[in-house]
Amino acid sequence: MMTDPKTRRQVRETLAWIEQDLLSPQAKAADWRILVAHHPYTDVFNNRYLVPIAERCGVNLVIGGHLHYYIQAVSVNPAIGARTMYVCQGSAQDPEAKFQGHLEGKRLLSEFPEVTALGRNNYGVLDITKDAIDYKLYGFTDDGKEQLVDTIHMTHDAPDVALSDIELRRVDNNGNIEVRAFAENRGTSPAMVVLPIVDNGKLTEQNLFGQKADSHVALLQAGEKRKLIAYYQAYGAGNHHITLEDAALDLIVYEPQQLSYAHMRVFAGKGKDADCLIASIEATNNLDQEVFSSVPLYIDQRIAEARNIFFRSHERRHIEFRHRFAKGGDYQVSIGDQLPKNITIASGIRIVPRILDRSGHGHYGLLQGSPKVVQEHGKTVVRLEHYGDYIEIPASPDLVAEQGFTGIVWAKVNRLAKPSEMGHNPLMVRGKSVGWGATYYLRMVIERAGGLKWGTCHDITEYMWQGGEAAVGSWMQYASTFDKQTGGSSYCDAKEVARVPGIAPECKLRQWQDEPIFVGYSYIGHVIPELGRPKYFTHLPGDVREVRFYKQGLAADEVRETYDHPEEAGAREKDLAVWLDFKNILTVGTHTTEWRHPTVYSRDYMTQKKYWTFRQLKVIARVPLQTSLKATVEVSDDEASIKGKKEIRLQDGTQYIDLQDLPEAQYLRIRTEFSADVGPDGTFVPELLLYQVTAATEKNFTEMYWSTRTAWEKGTFTGAVGFAPFERLKDFPEYTDVIHG
C-alpha cells in the first residue's frame, strides 16, 4: 500500500531534520553522537534512508528496537566499520538471556554480512563519559537471575588492527585466491578487520571473509586475535602481482569461462499459472568479445529448454524461463551450472469438508488437515491437534466491512506454544500475517505466555492492543469488536478485558479482502516480497465449537447475548456474515473434466472418420479405507451425446485400467465422485492426483493429462471437492525474517 502524500512529506521533512540536527555545530562539537529509533538497522526503510544519514554525519551508536531480539551490527563500509555501531535492543516481555557471536564460516543473518552478534536480552544500561561509551546488555534467566548478555565498549581511539602470518594461495586459473591471516585488535575499541589488497597497483579494501554466500565482516574486540580466511578475485586475463602488506603472489589469470551465473530464483506460479515454473538467473559474459551462447534450464537433470542469447562484451543480463508442466508433483530445477532447487507444482483435487453457514450468506468454513470432530455435552467440537488442522473461511467480496467488525470464537485452548514453536497462536485472523506491519484486518491471538493480543490495521498503521489471558484447558468465548467511531473492545466470556479508542473517519481499515479468515492458523513474521507471504506459520492447539463474524462492531450487551444464547442469531442478525454450523459438514462432491480431444481438433477428423481409440487410463490416487472414489469415463463425438462409458472403483495407489472396450470416439471426459469421512477418529479425505489417458489412431498415439491445478480447473466442481492448500505448512529457509531468523 502506497503512503499518502501527507505521510511522504512528513517522512522527507523528518529525514531532513535528522540530518540537519546531526550536522549542527552542537552535534559536531559533541563528544558522542547517538541516534535512537524505534525500528532497527535491519528494517528496510531505516537501512535505506536512516543508515546513510547516520554514517554521513558520523553517528557513533544507533539504537533501535521493535524486533524483541538483540542484534549488533557495524557499518558495512570498510572506511567506517565499527566506528558506527548498530544495536537492536531486546524485549522485556519474557525473561531471556542468549548470545551468539562469531560463527566460523557462517553469517548470523543471511542478508546482513555486517551483523556481528545475535541474542535475546531484556534491558540495557548505557554509560557515557567524555572518553568512552559502555553499553551493557542484560537479560533474565527463567529462574529470575540477572545475566550479562553482551558488552560494547567504544572509545575515540582510531582502529588498530595488525595482520600476521599472511598467506596468499591461488585457487584456480580464473584469478581466485585464498587469503589466510591472523588479525589482532591492538586498539581500545571494537574494530572491523579490513585487508588492504593491492592488485597490479590498485588498492581493494576487502572486509568480507568466508565463502561468498556466507561472507561476513570480522569484528574483533579489544585485544582479540583470530585466524581469518578471505577470498579475492583478480579480474582481467594476464599477469597479476598481488600484495597484502609483506606477502606477495604472482599469478597468471587465464581467459575466464564464457558465462557465469548468479542469483538463481525458482518459483511455482499462482492462479492461472499454477502449472507454471518461473525461473530466473543473472548471466554475465566474462569475455572481452561478443558471444552468442545457450543458457539451459534443467528439470530433474534434463534440459527442458535452452535460450540462445547474444551477449555484448562483459554484459550482464537477467534471463527468465516459464515452463508449463503437464503433471503436478515435486521437481528439481536449475539453470546453467547452478545447484538445483526443489519446487512443487500443485497437483491433486480432493474433498475439503465444508462446514455449512447458518447466517444464510453461504460463507462456509473449509475443514483443513485431519482434525477430529467429536460430540461433547451435546455440542459438536472440532479438535485442532496438528499443524495442518484449522478452519478456513474463503475470501469473498461481501466479507468487506469498512466501518468495523466482530469476531467470535468459542474455544478450549489445550496448550500454549512450546519454545520450539511460533507464538501468536491464532484464534481468528484475516490478513497476510499476525504482526510486524499493517498486515492484517482482524487479529485475535494468544501470546507464548498466555496473554491475549488483539488488533486491526488502518492505512499504513498497525493498531494493536492487548488484555486478558487464555483459559488453558477450559472453554472460553473470545470476542473482539472494532468500530471506527467508538473504538475496539475485547471480551473473554462476555467480560471486557481490553479497550482502545476509535480512529478518524477518513482512516481506511486494511481489508485484505483477498485473504481468507482463518481460525487456528496464520502466517507470522515479516512479509517477504518475493513470496508474497512470511516464511513461517503459526497454529492453535485447541478445540473449537463456535465461530461467528459480523460486519459491524457489536456493543457489550450484544456480545453478552451471543454468550448467553449461543444457539440464537441474536442481535445484529443482518450484520452476521458467518455463523458456522459444526453439526452440518458436507463430505461429498463430484468433479467432471471438460470434454477433451486427444490432439488439436480439426473438422477433417469428422469428414475423414479418423476416430480415436482410448487404450488405457492411469490413475494415481490416495483413498483411505474410510473413503471412496468412483470414476466414470465417457466418450462422445459431439460433446453432447454419450457414445459409451465405463465405471471404475478407484483404489489407493497407482492403477492401470484398460479402456479398449469403449467405442472409438472424438472426445473423452471423466466424472469422479468423492466421499470423505469426518468423525471422532479424524478427518479422512480421498485425493485424486493424476488421470493419464493414452489415445491412438492407426499410426499415432498421444497422452492426455489431468494433474495440475490448471488442468482440473477446466472442469466443473460440485459439493465439497476442491484443492489442498498449497505450501501453507512450508518454511522458506533461504529467506531471512529479521525477527525469527
> side chain to side chain contact (heavy atoms under 4.5 Å, CB included) between L668 and V693: does it pass, once the steps are laid out?
Replying inline: CA-CA 9 Å; L668 177 143; V693 175; 4.1 Å; yes
> Just by distance, do the side chain of S707 and the backbone of S347 share a donor-acceptor pair under 3.5 Å?
Replying inline: no
> Would you call E647 and K630 a salt bridge, using N to O less than 4.0 angstrom?
Replying inline: yes
> Between H539 and Y521, is the ring centre distance below 6.0 Å?
Replying inline: no
>> With rounding to the nearest 0.5 angstrom, report the CD to CG distance, E727 to L531.
In response: 9.0 Å
> Is it true that K535 and D731 have a side-chain N and a carboxylate O under 4.0 angstrom from each other?
Replying inline: no
> Would you say the side chains of Y550 and E558 form a donor-acceptor pair under 3.5 Å?
Replying inline: no
> Between F325 and Y705, is the ring centre distance below 6.0 Å?
Replying inline: no
>> Looking only at the side chains, is there a donor atom on one of T380 and Q375 sitting less than 3.5 Å from an acceptor on the other?
In response: yes
> Heavy-atom count around H38 NE2 within 6.0 Å, excluding the residue itself: above 12?
Replying inline: yes
>> I'd like to know whether F482 forms a ring-ring contact (aromatic ring centres under 6.0 Å, His included) with Y441, so could you lay out the CA-CA distance, the side-chain angles of the two residues, the decisive distance to 0.1 Å, and finally the verdict.
In response: CA-CA 10 Å; F482 187 80; Y441 173 74; 8.8 Å; no
>> Between R709 and F726, does the side chain to side chain contact (heavy atoms under 4.5 Å, CB included) criterion hold? Intermediate values first, please.
In response: CA-CA 11 Å; R709 179 165 185 152; F726 187 60; 5.8 Å; no
> Checking S359 side chain against H361 main chain: does a donor-acceptor pair fall under 3.5 Å?
Replying inline: yes
> Step by step, would you call W475 with E546 a side chain to side chain donor-acceptor pair (under 3.5 Å)?
Replying inline: CA-CA 11 Å; W475 284 100; E546 183 183 2; over 6 Å; no
> Could you state the interatomic distance from OG1 (T627) to CG (D652), rounded to the nearest 0.5 Å?
Replying inline: 8.0 Å
> Are R415 and E385 ion-paired here, with the side-chain N under 4.0 Å from a carboxylate O?
Replying inline: no
> Between T562 (side chain) and V559 (backbone), is there a donor-acceptor pair under 3.5 Å?
Replying inline: yes
>> Q511 vs R430, test: side chain to side chain donor-acceptor pair (under 3.5 Å). Steps then yes/no.
In response: CA-CA 8 Å; Q511 295 293 323; R430 185 168 90 193; 3.3 Å; yes
> Going through the checks in order, is the side chain to side chain contact (heavy atoms under 4.5 Å, CB included) test met by R265 and E530?
Replying inline: CA-CA 9 Å; R265 297 189 179 276; E530 292 91 338; 3.8 Å; yes
> Taking K484 for the side chain and P505 for the main chain, is one N or O donor matched with an acceptor at less than 3.5 Å?
Replying inline: yes
> What is the distance from atom CZ of R443 to atom OG of S480, rounded to the nearest 0.5 Å?
Replying inline: 10.0 Å
> Salt-bridged, E392 to R728, with N to O below 4.0 Å?
Replying inline: yes
> Are side-chain N/O atoms of D330 and T344 paired as donor and acceptor at under 3.5 Å?
Replying inline: yes
> Does any N or O in the side chain of T718 come within less than 3.5 Å of the main-chain N or O of T590, such that one atom is a donor and the other an acceptor?
Replying inline: yes
> How close do V11 and F45 get, heavy atom to heavy atom, and via which atoms?
Replying inline: CG1-CZ, 3.4 Å
> Got a sec: does the CD of Q485 have more than 12 other heavy atoms crowding it under 6.0 Å?
Replying inline: no
> Can Y364 and I393 be said to form a side chain to side chain contact (heavy atoms under 4.5 Å, CB included), step by step?
Replying inline: CA-CA 6 Å; Y364 54 82; I393 301 163; over 6 Å; no
> Stepwise, does the side chain to side chain donor-acceptor pair (under 3.5 Å) test hold for R560 with Y491?
Replying inline: CA-CA 9 Å; R560 165 63 66 175; Y491 304 85; over 6 Å; no
> Are W465 and S490 close enough that a side-chain donor and a side-chain acceptor fall under 3.5 Å?
Replying inline: yes
>> Do the side chains of R324 and D273 get close enough for a salt bridge, i.e. N-O under 4.0 angstrom?
In response: yes
>> Run the side chain to side chain donor-acceptor pair (under 3.5 Å) test against K379 and tell me which residues pass, sequence neighbours left out.
In response: E567
> When the ring planes of F549 and F405 are compared, do they come out parallel, tilted or perpendicular, using 30° and 60° as the limits?
Replying inline: parallel
>> Out of the candidates R671, K645, K646, R596, only one should pair with E634 under the salt bridge (charged side-chain N to carboxylate O under 4.0 Å, His left out) rule; please name it.
In response: R671
> When you look at NZ of K574, are more than 12 heavy atoms from neighbouring residues, nucleotides or ligands closer to it than 6.0 Å?
Replying inline: no
> Is it true that a side-chain atom of D564 and a backbone atom of E561 form a donor plus acceptor pair closer than 3.5 Å?
Replying inline: no
> W410 and Y563: aromatic ring centres closer than 6.0 Å?
Replying inline: yes
> Going by the angle between their ring planes, with limits at 30° and 60°, are H66 and H526 parallel, tilted or perpendicular?
Replying inline: perpendicular
>> Any salt bridge linking R350 with E687? Criterion: basic side-chain nitrogen under 4.0 Å from a carboxylate oxygen.
In response: no
> Between atom NZ of K432 and atom SG of C457, what is the distance when rounded to the nearest 0.5 Å?
Replying inline: 13.5 Å
> Measuring from F717:CZ to T672:OG1, what's the distance to the nearest 0.5 Å?
Replying inline: 10.5 Å
>> Looking at Q552, is its backbone amide N or carbonyl O close enough to the side chain of T406 to form a donor-acceptor pair, meaning the two atoms are under 3.5 Å apart?
In response: yes
>> Donor-acceptor check, side chain of R669 to backbone of T593, threshold 3.5 angstrom: yes or no?
In response: no
>> Under a 4.0 Å threshold between the charged nitrogen and the carboxylate oxygen, would E515 count as salt-bridged to R510?
In response: no
> Between R354 (side chain) and G719 (backbone), is there a donor-acceptor pair under 3.5 Å?
Replying inline: yes
>> Strictly distance-based, threshold 3.5 Å: is any side-chain N or O of D357 a donor or acceptor partner for the main-chain N or O of H363?
In response: yes
> side chain to side chain donor-acceptor pair (under 3.5 Å) between W706 and E594: does it pass, once the steps are laid out?
Replying inline: CA-CA 10 Å; W706 289 271; E594 81 284 16; 3.2 Å; yes
